[in-house]
Amino acid sequence: GSRLGDQFFFFQAEDGIRDFCLSRGLGDVYKRQDPKSEFTPENMLTKNFAAAKICLWIVSITTFNRIYQEVEPIDQAQKKAAETVAVKEKELSEIKRKVAILNDKVANLQRQLNEAEAVKREVEGQAQSLQDKLTAAEKLVNGLADENKRWSENVVKLKENKQTIIGDALLAAAFVSYIAAFSASFRKDLWKNRWLPDIIAKKIPMTPGIEPLQILTTDAEIAQWKIENLPADQMSLENAAVITSCSRWPLLIDPQLQGSIWIKEHAGEEIVSFSLNQDKWINKLVNAIELGKTVLIEGVPQEIDATLEPLLQRAVIRKGKFFEIEISGTTYPYEPTFKLYLQSKLSNPHFRPEISAQCTIINFIVTESGLEDQLLAMVVNKERPELEAKKSALVKQQNEFQVQLNKLEEDLLFSLNEADKETILENTALISCLLYTSPSPRDS
């Protein structure tokens with residue numbers, strides 16, 4: 001019993017149990033054990049309690065030996081793998097350190113690359129900007145060179161006009177004030193054979209060979225009037241120049257309605273037209289005065305209604321920033337943009353003398369040359385309608401081109417005057433306007 005206890009104590013020690021369990025002899029015992037043997041703890045318990053416990057210990061030990069023999073290689077492999085992992089982790093850590101260093105270098109190189117590309121883009125942008133400025137400068141110089149001759153001529157004319165403006169203005173003012181009521185032949189005789197010699201005799205400086213129409217208007221304005229259906233004869237053009245220049249209300253002697261048609265086209269959609277025979281014409285007149293519209297009173301009789309007297313006299317009263325006028329005993333607001341035209345269908349009216357002081361009387365009776373042109377157009381339109389249509393289209397197109405040319409020149413001069421000298425080469429709108437304008441004088 002003592003020896004058995006010593007053996008049990010020995011087997012309780014960890015190293016002893018391991019060595020015993022790993023012994024080859026025990027493995028051989030386990031292999032030789034008959035699975036059908038009666039050497040089981042249950043059978044041995046029926047014979048002897050101590051033998052049953054020893055049997056249980058033996059069975060347990062042999063089972064443990066079998067399992068341990070299977071687990072031990074795995075455990076050794078795991079330890080070896082753990083050692084390998086530790087080595088590889090150390091190597092991985094070293095590789096990560098080297099990779100981090102390389103990433104830092106790459107990031108630094110990428111930053112340098114980005115900076116270099118930014119500098120490259122900036123330099124390329126500056127180069128492109130300079131190239132654009134160079135191209136713009138070439139366009140500007142070439143465009144201004146095209147205009148140089150014409151502008152130089154205009155400068156010379158303007159310098160001459162500074163010396164002759166007194167005589168030119170005197171002739172134009174007399175023409176507007178006194179001559180519009182007469183016929184074409186009498187007008188020409190009056191200003192050319194009477195006024196001009198008198199101005200020259202008094203040594204008043206004026207432009208040699210100048211005509212009143214050249215002073216009062218421009219080719220572009222004349223073209224615009226023609227677009228607005230104004231007859232192209234000299235007298236009609238003079239009448240239009242007087243109408244647009246006079247300070248008194250125009251009174252048209254217009255039996256053929258040529259002047260009325262042009263006035264309506266010239267004033268546009270804002271014009272209010274009526275006759276004194278219509279009902280409530282005063283209401284239309286007052287409304288137009290308050291809104292600052294243009295009024296055309298058609299079919300004015302020889303004796304003009306006294307209701308219009310304050311308007312013809314321009315009896316406007318100023319109150320602070322506003323204006324008023326009294327009509328038929330009632331005071332109404334007066335808008336300064338208001339315009340008044342009067343038209344008479346009488347071919348030879350005899351107005352009261354004060355009407356000549358209040359209005360600018362304009363003779364719009366058709367002239368012989370104008371009538372010839374109109375009759376010729378009617379004949380051609382009857383015989384060869386396609387030719388008349390083509391002529392009308394070409395005349396209209398020419399007039400539109402003249403108006404467009406004048407507008408382009410004005411826009412160009414305004415743009416040049418307003419352009420900043422420091423940024424003029426960056427002003428693409430100005431250069432485009434110059435390129436678009438420059439060919440126009442040659443094309444026309």
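Along the sequence shown, residues carry numbers from 1.
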- Task: Could you tell me whether a side-chain N or O of Ser177 sits under 3.5 Å from a main-chain N or O of Ala173, the two making a donor and an acceptor?
- Result: yes

- Task: Given side-chain hydrogen bond (donor to acceptor under 3.5 Å, both in side chains), test Glu228 with Gln224 step by step and report yes or no.
- Result: CA-CA 6 Å; Glu228 296 165 349; Gln224 182 62 41; 3.2 Å; yes

Identify the two heavy atoms, one from [X] and one from [Y], that lie closest to each other, and give their separation to 0.1 Å.
{"X": "Ala241", "Y": "Leu213", "result": "CB-CD1, 3.7 Å"}
{"X": "Ile362", "Y": "Pro250", "result": "CD1-CB, 3.9 Å"}
{"X": "Ala288", "Y": "Val272", "result": "CB-CG2, 4.4 Å"}
{"X": "Tyr341", "Y": "Thr294", "result": "CE1-CG2, 3.4 Å"}
{"X": "Arg248", "Y": "Gln358", "result": "CB-O, 3.6 Å"}
{"X": "Thr360", "Y": "Cys246", "result": "OG1-CB, 3.6 Å"}

So [Y] and [X], do their side chains get closer than 4.5 Å, heavy atoms only?
{"X": "Ile253", "Y": "Pro349", "answer": "yes"}
{"X": "Glu324", "Y": "Pro333", "answer": "no"}
{"X": "Met235", "Y": "Ile365", "answer": "no"}
{"X": "Leu342", "Y": "Leu252", "answer": "no"}
{"X": "Gln302", "Y": "His350", "answer": "yes"}
{"X": "Glu238", "Y": "Arg187", "answer": "yes"}
{"X": "Asp254", "Y": "Ser344", "answer": "no"}

Ignoring hydrogens and geometry beyond distance, is a side-chain donor-acceptor pair present between [X] and [Y] at under 3.5 Å?
{"X": "Asp305", "Y": "Thr307", "result": "yes"}
{"X": "Arg111", "Y": "Asn114", "result": "no"}
{"X": "Asp233", "Y": "Ser236", "result": "yes"}
{"X": "Glu354", "Y": "Gln313", "result": "no"}

Answer yes or no: are there more than 12 heavy-atom neighbours, outside [X] itself, under 6.0 Å from its atom [atom1]?
{"X": "Asp279", "atom1": "CG", "value": "no"}
{"X": "Ile200", "atom1": "CD1", "value": "yes"}
{"X": "Ile165", "atom1": "CD1", "value": "no"}
{"X": "Tyr178", "atom1": "OH", "value": "no"}

- Salt-bridge contact Asp189-Arg194 (side-chain N to carboxylate O under 4.0 Å): yes

- Task: Keeping to residues at least two apart or across chains, list the ring-ring contact (aromatic ring centres under 6.0 Å, His included) pairs with something in residues 233-257.
- Result: Trp249-Phe338

I need the [X] [atom1] to [Y] [atom2] distance, nearest 0.5 Å.
{"X": "Ile289", "Y": "Glu335", "atom1": "CD1", "atom2": "CD", "result": "11.5 Å"}
{"X": "Lys88", "Y": "Ile95", "atom1": "NZ", "atom2": "CD1", "result": "8.5 Å"}
{"X": "Leu340", "Y": "Leu308", "atom1": "CG", "atom2": "CG", "result": "7.5 Å"}
{"X": "Phe323", "Y": "Ile325", "atom1": "CZ", "atom2": "CD1", "result": "12.0 Å"}

- Item | Derivation of the side-chain contact (heavy atoms from CB on, under 4.5 Å) call for Lys284 and Lys293 | CA-CA 10 Å; Lys284 294 182 179 180; Lys293 293 185 176 181; over 6 Å; no

